[in-house]
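Scope of the values below: all heavy atoms of this structure, side chains included, with no hydrogens, waters or symmetry mates. Just so we're clear, the structure is a prediction, and the values are computed from it rather than from any experiment.
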Amino acid sequence: MNKYNINVVDDYTIVEIDEKLYLLDTGTISMSIDKLIKINNIDFSTNFLQNNFKKQLDSTFNMNIEGIIGKDFINKLGGIEVDLINMKICFGIFTKEITNETKISNNYICKIKVNGNLVNAYLDTGAHIVMIHNKALLDSCKKIGVVTETSFTGSFNLNLYECLVEFNEKSYTIKVLEHNDKMNHMQGIDVYFSLNQFAKKYYAIDLTKEIFYFE
(Lines give C-alpha, C1' and ligand atoms only; values in the text may rest on other atoms or scores of the structure.)
Protein backbone atom coordinates (compact mmCIF):
# COMPACT_ATOMS: atom_id res chain seq x y z
CA MET A 1 0.00 0.00 0.00
CA ASN A 2 1.39 3.42 -0.98
CA LYS A 3 0.99 6.06 1.71
CA TYR A 4 2.19 9.60 1.11
CA ASN A 5 3.04 12.27 3.66
CA ILE A 6 0.79 15.29 4.00
CA ASN A 7 0.99 18.66 5.70
CA VAL A 8 -2.07 20.75 6.60
CA VAL A 9 -1.51 24.48 6.14
CA ASP A 10 -4.39 26.80 7.10
CA ASP A 11 -6.81 23.89 6.50
CA TYR A 12 -5.40 23.14 3.03
CA THR A 13 -3.92 19.67 2.42
CA ILE A 14 -0.43 19.59 0.91
CA VAL A 15 0.78 16.19 -0.40
CA GLU A 16 4.43 15.14 -0.68
CA ILE A 17 5.21 12.85 -3.62
CA ASP A 18 8.83 12.08 -4.53
CA GLU A 19 10.01 14.98 -2.35
CA LYS A 20 7.79 17.47 -4.21
CA LEU A 21 4.78 19.27 -2.77
CA TYR A 22 1.30 19.41 -4.33
CA LEU A 23 -1.95 21.04 -3.24
CA LEU A 24 -4.81 18.51 -3.00
CA ASP A 25 -7.73 20.17 -4.80
CA THR A 26 -10.84 18.39 -6.10
CA GLY A 27 -12.09 21.76 -7.35
CA THR A 28 -9.73 21.86 -10.32
CA ILE A 29 -7.63 19.67 -12.61
CA SER A 30 -4.04 18.61 -12.05
CA MET A 31 -1.10 20.78 -13.04
CA SER A 32 2.64 20.75 -12.46
CA ILE A 33 5.92 22.45 -13.38
CA ASP A 34 7.99 19.52 -14.66
CA LYS A 35 5.01 17.19 -15.27
CA LEU A 36 6.80 14.15 -13.84
CA ILE A 37 4.85 12.14 -11.27
CA LYS A 38 3.86 8.61 -10.30
CA ILE A 39 1.07 7.79 -7.85
CA ASN A 40 0.59 4.17 -6.76
CA ASN A 41 3.25 3.31 -9.38
CA ILE A 42 0.99 4.72 -12.12
CA ASP A 43 2.71 7.23 -14.38
CA PHE A 44 0.63 10.40 -14.72
CA SER A 45 3.39 12.48 -16.29
CA THR A 46 1.74 12.99 -19.68
CA ASN A 47 -1.57 14.08 -18.13
CA PHE A 48 -0.41 17.23 -16.35
CA LEU A 49 -1.22 20.73 -17.49
CA GLN A 50 1.48 23.34 -17.06
CA ASN A 51 1.27 24.94 -13.63
CA ASN A 52 0.76 28.63 -14.36
CA PHE A 53 -0.05 29.40 -10.70
CA LYS A 54 3.37 28.51 -9.26
CA LYS A 55 4.14 32.02 -8.00
CA GLN A 56 0.71 32.41 -6.39
CA LEU A 57 0.84 28.94 -4.80
CA ASP A 58 4.30 29.51 -3.35
CA SER A 59 3.23 32.89 -1.95
CA THR A 60 -0.04 31.55 -0.48
CA PHE A 61 1.59 28.67 1.39
CA ASN A 62 5.08 30.12 1.88
CA MET A 63 6.66 26.97 0.48
CA ASN A 64 7.79 25.55 -2.84
CA ILE A 65 4.61 24.07 -4.40
CA GLU A 66 5.23 21.96 -7.49
CA GLY A 67 1.60 21.83 -8.59
CA ILE A 68 -1.89 20.54 -7.89
CA ILE A 69 -3.30 17.01 -7.57
CA GLY A 70 -6.80 17.59 -8.94
CA LYS A 71 -10.02 15.75 -9.55
CA ASP A 72 -8.87 14.15 -12.82
CA PHE A 73 -6.09 12.16 -11.12
CA ILE A 74 -8.26 11.41 -8.08
CA ASN A 75 -11.04 10.13 -10.38
CA LYS A 76 -8.65 7.72 -12.10
CA LEU A 77 -7.35 6.45 -8.75
CA GLY A 78 -10.84 5.97 -7.25
CA GLY A 79 -10.71 8.51 -4.45
CA ILE A 80 -8.68 9.51 -1.41
CA GLU A 81 -8.28 8.53 2.25
CA VAL A 82 -6.67 11.17 4.48
CA ASP A 83 -5.36 10.34 7.97
CA LEU A 84 -5.02 13.64 9.83
CA ILE A 85 -3.57 11.99 12.95
CA ASN A 86 -0.62 10.28 11.25
CA MET A 87 -0.55 12.85 8.41
CA LYS A 88 -0.81 10.33 5.58
CA ILE A 89 -2.87 9.99 2.40
CA CYS A 90 -3.77 6.96 0.29
CA PHE A 91 -5.17 7.17 -3.23
CA GLY A 92 -7.89 4.64 -4.12
CA ILE A 93 -7.21 2.50 -1.04
CA PHE A 94 -9.50 2.57 2.00
CA THR A 95 -8.38 1.03 5.28
CA LYS A 96 -11.50 1.85 7.34
CA GLU A 97 -14.92 0.27 7.09
CA ILE A 98 -17.26 3.24 6.73
CA THR A 99 -20.76 2.80 8.15
CA ASN A 100 -22.11 6.35 8.51
CA GLU A 101 -21.32 7.82 5.13
CA THR A 102 -22.91 10.55 3.02
CA LYS A 103 -23.79 9.82 -0.61
CA ILE A 104 -22.21 11.77 -3.43
CA SER A 105 -22.41 11.64 -7.19
CA ASN A 106 -19.35 10.83 -9.28
CA ASN A 107 -18.73 14.54 -9.82
CA TYR A 108 -18.32 15.26 -6.07
CA ILE A 109 -21.82 16.65 -5.51
CA CYS A 110 -23.86 15.92 -2.38
CA LYS A 111 -27.08 17.24 -0.92
CA ILE A 112 -26.95 19.32 2.27
CA LYS A 113 -29.22 21.78 4.05
CA VAL A 114 -28.23 25.36 4.76
CA ASN A 115 -30.60 27.04 7.22
CA GLY A 116 -33.19 24.43 6.25
CA ASN A 117 -32.76 24.86 2.47
CA LEU A 118 -31.78 21.73 0.51
CA VAL A 119 -28.95 22.60 -1.90
CA ASN A 120 -26.24 21.11 -4.11
CA ALA A 121 -22.81 21.16 -2.47
CA TYR A 122 -19.50 20.38 -4.15
CA LEU A 123 -16.84 18.53 -2.13
CA ASP A 124 -13.87 20.87 -2.57
CA THR A 125 -10.63 19.86 -0.85
CA GLY A 126 -9.12 23.05 -2.25
CA ALA A 127 -11.42 25.15 -0.02
CA HIS A 128 -10.38 25.74 3.58
CA ILE A 129 -13.84 27.00 4.57
CA VAL A 130 -17.38 26.44 3.28
CA MET A 131 -18.25 29.00 0.61
CA ILE A 132 -21.77 29.91 -0.57
CA HIS A 133 -22.42 31.20 -4.07
CA ASN A 134 -26.23 31.42 -3.83
CA LYS A 135 -27.31 34.96 -2.80
CA ALA A 136 -30.66 33.82 -1.39
CA LEU A 137 -28.83 31.41 0.90
CA LEU A 138 -26.44 34.14 2.01
CA ASP A 139 -29.40 36.38 2.83
CA SER A 140 -30.65 33.67 5.22
CA CYS A 141 -27.29 33.67 7.06
CA LYS A 142 -26.07 35.98 9.82
CA LYS A 143 -23.36 38.36 8.60
CA ILE A 144 -20.55 38.64 11.16
CA GLY A 145 -17.80 40.51 9.33
CA VAL A 146 -15.60 41.00 6.28
CA VAL A 147 -12.32 39.16 5.68
CA THR A 148 -9.59 39.22 3.06
CA GLU A 149 -9.31 35.83 1.38
CA THR A 150 -6.07 35.16 -0.48
CA SER A 151 -5.63 32.14 -2.73
CA PHE A 152 -3.65 31.22 -5.83
CA THR A 153 -6.43 32.73 -7.96
CA GLY A 154 -6.28 36.16 -6.33
CA SER A 155 -7.13 38.23 -3.26
CA PHE A 156 -10.75 39.12 -2.39
CA ASN A 157 -12.58 41.01 0.35
CA LEU A 158 -15.45 38.70 1.25
CA ASN A 159 -18.39 38.81 3.66
CA LEU A 160 -18.19 36.30 6.52
CA TYR A 161 -21.40 34.68 7.76
CA GLU A 162 -22.65 32.19 10.33
CA CYS A 163 -25.24 29.55 9.42
CA LEU A 164 -26.65 26.11 10.23
CA VAL A 165 -25.53 23.27 7.97
CA GLU A 166 -27.24 19.85 8.08
CA PHE A 167 -26.34 16.55 6.42
CA ASN A 168 -26.34 12.88 7.33
CA GLU A 169 -28.77 13.58 10.21
CA LYS A 170 -26.30 15.92 11.96
CA SER A 171 -26.26 19.70 12.24
CA TYR A 172 -23.37 22.14 12.58
CA THR A 173 -23.31 25.88 13.25
CA ILE A 174 -20.36 27.11 11.20
CA LYS A 175 -18.74 30.14 9.63
CA VAL A 176 -19.00 30.46 5.85
CA LEU A 177 -17.73 32.87 3.22
CA GLU A 178 -19.50 34.34 0.26
CA HIS A 179 -18.32 33.01 -3.11
CA ASN A 180 -18.42 35.85 -5.61
CA ASP A 181 -18.64 35.95 -9.40
CA LYS A 182 -14.94 36.76 -9.79
CA MET A 183 -13.99 33.35 -8.42
CA ASN A 184 -14.11 30.07 -10.33
CA HIS A 185 -17.69 28.83 -10.28
CA MET A 186 -19.42 25.62 -11.42
CA GLN A 187 -22.91 26.01 -12.84
CA GLY A 188 -25.63 24.58 -10.57
CA ILE A 189 -23.46 24.57 -7.43
CA ASP A 190 -24.79 26.56 -4.45
CA VAL A 191 -22.15 25.60 -1.87
CA TYR A 192 -18.46 24.65 -1.97
CA PHE A 193 -18.10 22.20 0.90
CA SER A 194 -14.75 22.16 2.73
CA LEU A 195 -14.01 18.76 4.26
CA ASN A 196 -10.97 20.33 5.91
CA GLN A 197 -13.28 22.58 7.97
CA PHE A 198 -15.12 19.57 9.43
CA ALA A 199 -12.61 16.71 9.60
CA LYS A 200 -10.32 16.59 12.64
CA LYS A 201 -8.99 13.02 12.46
CA TYR A 202 -9.84 11.48 9.10
CA TYR A 203 -11.73 11.90 5.86
CA ALA A 204 -12.34 9.78 2.79
CA ILE A 205 -13.91 10.22 -0.63
CA ASP A 206 -14.65 6.82 -2.18
CA LEU A 207 -15.65 7.41 -5.80
CA THR A 208 -16.32 3.73 -6.47
CA LYS A 209 -19.00 3.56 -3.76
CA GLU A 210 -19.93 7.24 -4.28
CA ILE A 211 -19.65 8.17 -0.60
CA PHE A 212 -17.69 10.48 1.67
CA TYR A 213 -17.04 10.33 5.38
CA PHE A 214 -15.15 12.28 8.00
CA GLU A 215 -14.48 12.27 11.71
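Between I104 and I109, every side-chain heavy-atom pair lies at or beyond the 4.5 Å cut-off. Residues Y122 and T26 meet the side-chain proximity criterion, which asks for heavy atoms closer than 4.5 Å. Side-chain contact check for I144 versus K142: some heavy-atom pair is nearer than 4.5 Å. Contact annotation: the side chain of V9 never approaches that of T60 to less than 4.5 Å [non-hydrogen atoms, C-beta and beyond]. Between V119 and N134, every side-chain heavy-atom pair lies at or beyond the 4.5 Å cut-off. Residues V191 and V130 form a side-chain contact, since some pair of their non-hydrogen atoms from C-beta on lies under 4.5 Å apart. The closest side-chain heavy-atom distance from I129 to V176 is not below 4.5 Å. Counting heavy atoms from C-beta on, the side chains of V8 and N196 never come closer than 4.5 Å.
Nearest heavy-atom pair across F212 and C110 is CE2-SG, 3.9 Å.
Here the CG atom belonging to N62 is positioned 12.5 Å from the CG atom belonging to L57, to the nearest 0.5 angstrom. Within the model, atoms CG of L207 and CD1 of I80 stand 8.0 Å from one another, a figure rounded to the nearest 0.5 Å. Taking CD1 from I132 and SG from C163, the interatomic distance works out to 4.5 Å, rounded to the nearest 0.5 Å. Separation of atoms NZ (K71) and CD1 (I29) is listed at 8.0 Å; rounding is to 0.5 Å. Distance CD1/I6 to CD1/I17: 11.5 Å, rounded to 0.5 Å. If you take CG on D25 and CD1 on I68, they are separated by 5.5 Å, rounding to the nearest 0.5 Å.
Residue pairs meeting the salt bridge (Lys or Arg N to Asp or Glu O under 4.0 Å) criterion with at least one member in residues 122-134: none, sequence neighbours excluded. For residues 156-170, every residue pair satisfying the side-chain hydrogen bond (donor to acceptor under 3.5 Å, both in side chains) rule, not counting sequence neighbours, is listed here: N100-N168, K143-N159, T148-N157, N159-E178. Residues in residues 125-140 take part in these salt bridge (Lys or Arg N to Asp or Glu O under 4.0 Å) pairs, two or more places apart or across chains: K135-D139.
Under the side chain to side chain donor-acceptor pair (under 3.5 Å) criterion, N86 pairs with D83, sequence neighbours left out. Listed by chain and residue number, N120 satisfy the side chain to side chain donor-acceptor pair (under 3.5 Å) test with K111 (two or more places apart in sequence, or in another chain). Annotation: side-chain contact (heavy atoms from CB on, under 4.5 Å) contacts of S140 (sequence neighbours excluded): N115, N117. The salt bridge (Lys or Arg N to Asp or Glu O under 4.0 Å) check on D11 picks up nothing, with sequence neighbours excluded. With sequence neighbours left out, the salt bridge (Lys or Arg N to Asp or Glu O under 4.0 Å) criterion links K55 to no other residue. Residues satisfying the salt bridge (Lys or Arg N to Asp or Glu O under 4.0 Å) criterion with E215, sequence neighbours excluded, are K96. Considering only residues two or more places apart in sequence or on other chains, D206 meets the side chain to side chain donor-acceptor pair (under 3.5 Å) condition with none of them. Under the side chain to side chain donor-acceptor pair (under 3.5 Å) criterion, K113 pairs with no residue at all, not counting sequence neighbours. Every residue meeting the ring-ring contact (aromatic ring centres under 6.0 Å, His included) condition with F214, not counting sequence neighbours, appears here in chain and number order: F167, F198.
The number of heavy atoms from other shown groups lying within 6.0 Å of NZ (K201) does not exceed 12. Heavy-atom contacts from other residues, nucleotides or ligands closer than 6.0 Å to NZ of K88 number more than 12.
Cluster annotation: V114 and Y172 are assigned to the same hydrophobic cluster (Ile/Leu/Val/Met/Phe/Trp/Tyr, side-chain heavy-atom contacts under 4.5 Å, transitive). Each of L118 and L123 belongs to its own hydrophobic cluster when Ile, Leu, Val, Met, Phe, Trp and Tyr are linked at side-chain heavy-atom distances under 4.5 angstrom. Placement of L158 and I189 within a single hydrophobic cluster is found when ILVMFWY residues are connected by side-chain heavy-atom separations under 4.5 Å, directly or transitively. Cluster membership for L160 and L138, using ILVMFWY side-chain heavy atoms within less than 4.5 angstrom, is shared. Note on F94 and F73: separate hydrophobic clusters, where clusters join Ile, Leu, Val, Met, Phe, Trp and Tyr whose side-chain heavy atoms are under 4.5 Å apart, directly or indirectly.
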Exercise for the section: Under the side-chain contact (heavy atoms from CB on, under 4.5 Å) rule, what do M63 and D58 come out as? Steps first, then yes or no, please. Expected result: CA-CA 5 Å; M63 58 180 65; D58 289 355; over 6 Å; no
Exercise for the section: Go through L23 and I14 one step at a time and tell me if the side-chain contact (heavy atoms from CB on, under 4.5 Å) criterion holds. Expected result: CA-CA 5 Å; L23 172 67; I14 308 296; 4.0 Å; yes
Problem - Steps toward side-chain contact (heavy atoms from CB on, under 4.5 Å) verdict (L24, Y12) - result: CA-CA 8 Å; L24 186 72; Y12 293 95; over 6 Å; no
Exercise for the section: Kindly indicate, with the supporting measurements, whether the criterion side-chain contact (heavy atoms from CB on, under 4.5 Å) is fulfilled by I93 and K3. Expected result: CA-CA 9 Å; I93 300 169; K3 291 186 177 182; over 6 Å; no
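S30 and D72 share a donor-acceptor pair across their side chains, judged by distance under 3.5 Å alone. For the 3.5 Å distance criterion, the side chains of N75 and Y108 qualify, holding a donor opposite an acceptor.
The ring-ring contact (aromatic ring centres under 6.0 Å, His included) test with Y192 is passed by exactly one of H133, H179, H128: H179. Of the residues Y203, Y213, Y202, the one that meets the side chain to side chain donor-acceptor pair (under 3.5 Å) test with E81 is Y202.
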